[in-house]
There are 2 protein chains.
Amino acid sequence: MSPADCPLCTETGGLGLVSHERWRVVRVADANFPAFYRLIWRAHVAEFSDLDAAQRTECMEAVTAIERVLREALRPSKINLATLGNVVPHLHWHVVARFDWDSHFPNPIWGEARREVAGGAEARLALPLAALDQRVRAALAV
Amino acid sequence: MSPADCPLCTETGGLGLVSHERWRVVRVADANFPAFYRLIWRAHVAEFSDLDAAQRTECMEAVTAIERVLREALRPSKINLATLGNVVPHLHWHVVARFDWDSHFPNPIWGEARREVAGGAEARLALPLAALDQRVRAALAV
């Protein structure tokens, strides 16, 4: 996949929240998993090991900052971190707050659903998504 | 979950390959994904952000070393990295080599299967698992 064909090079890929020199952060629109953020490395590289050591640390410290916001704001059952990229091989990290009541828990978000969430997942979060987004922005302010 | 009830505190959780002061590495027995390694943090902590900054770097540099071995030895279509822990909330990282011919590609390993792999996946790897394990061991030698 060339950058010209790559959706993460040509599209926002979510609600843009943070724009940094080497990476950006978006929130993914997913009704089942509303607290779902994605860190997208700007350079069109496929694998985590394509980064140098300083870049890897920078990347994971930003991922960790997002994780911390989700933990403190939402008290989730678990945080899930993943970089897969099988469909879009451009380095991006998924950071997802999981709850024991969510549609798939304890299955991975890519696994089978386990239940319906009456009223929708977003309504059960401890704070509105706009407020959560603001905390993510603040945590990643340069 | 207390350490006494935690399978990653009380069991090996795979074929033991590397034993380090703060983490260990096993290979997971999965017929669909034979090149599947797992780094298990020794302390019974749930989340990546429970580590301090130096520990996070140490953890991800070890994950990266495994990723590099898989890339160089197997030329996979993609590497998948994930720490989920919804079932076993003890910090562990999955490092999986994925191939465009594998049973689930491009789906996540936790998603729906896409095909049968005639002859089994292990037979298609560029080198025997014992040789791959040896390279992982060598890469993580202290």
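These figures come from a predicted structure and were not determined experimentally. Side-chain atoms are counted along with the backbone in the values below, which use heavy atoms only and exclude waters and symmetry mates. By convention in this document, chain letters (A, B, ...) are assigned in the order of the sequence lines, proteins followed by strands, and residues within each chain are numbered from 1.
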ILVMFWY network linking Leu17(A) to Leu127(A), side-chain heavy atoms under 4.5 angstrom
yes

With clusters defined by side-chain heavy atoms of hydrophobic residues (ILVMFWY) lying less than 4.5 Å apart, directly or transitively, does Val25(B) cluster with Val28(B)?
no

Is the shortest side-chain heavy-atom distance between Asn107(A) and Asn86(B) below 4.5 Å?
no

Where along residues 30-52 of chain B does a heavy atom come under 4.5 Å of chain A, listed by residue number?
Ala46(B), Glu47(B), Phe48(B), Ser49(B), Asp50(B)

Report yes or no: do Ile79(A) and Phe105(A) belong to one cluster of Ile/Leu/Val/Met/Phe/Trp/Tyr joined by side chain heavy-atom distances under 4.5 Å?
no

Would you confirm whether Lys78(A), through its side chain, and Pro89(B), through its main-chain N or O, come within 3.5 Å as a donor-acceptor pair?
no

Side chain, backbone, both or neither of Thr57(B) within contact of chain A (heavy atoms, under 4.5 Å)
side chain

Is Leu15(A) linked to Leu8(A) within one hydrophobic cluster, defined over Ile, Leu, Val, Met, Phe, Trp and Tyr using a side-chain heavy-atom separation of less than 4.5 Å?
no

Would one find more than 12 heavy atoms of other residues, nucleotides or ligands at under 6.0 Å from atom CD of Gln134(A)?
yes

Most heavy-atom pairs under 4.5 Å with chain A, out of Arg56(B), Glu112(B), Arg68(B), belong to Arg56(B)

Is the ring pair Trp93(B)/Trp93(A) parallel, tilted or perpendicular, if the boundaries are 30 and 60 degrees?
perpendicular

Met60(A) CE to Met60(B) CE distance, which is reported to the nearest 0.5 Å
4.0 Å

Interface check, chain B: of Gly111(A), Pro108(A), Ala65(A), most non-hydrogen pairs under 4.5 Å belong to Pro108(A)

Residues in residues 115-126 of chain A near chain B [non-hydrogen atoms, under 4.5 Å]
none

According to a 4.5 Å side-chain heavy-atom criterion applied to Ile, Leu, Val, Met, Phe, Trp and Tyr, with indirect links allowed, do Val18(A) and Val96(A) form part of one hydrophobic cluster?
no

Hey, could you give me the CG/CG distance between Leu84(A) and Asn80(B), rounded to the nearest 0.5 Å?
4.5 Å

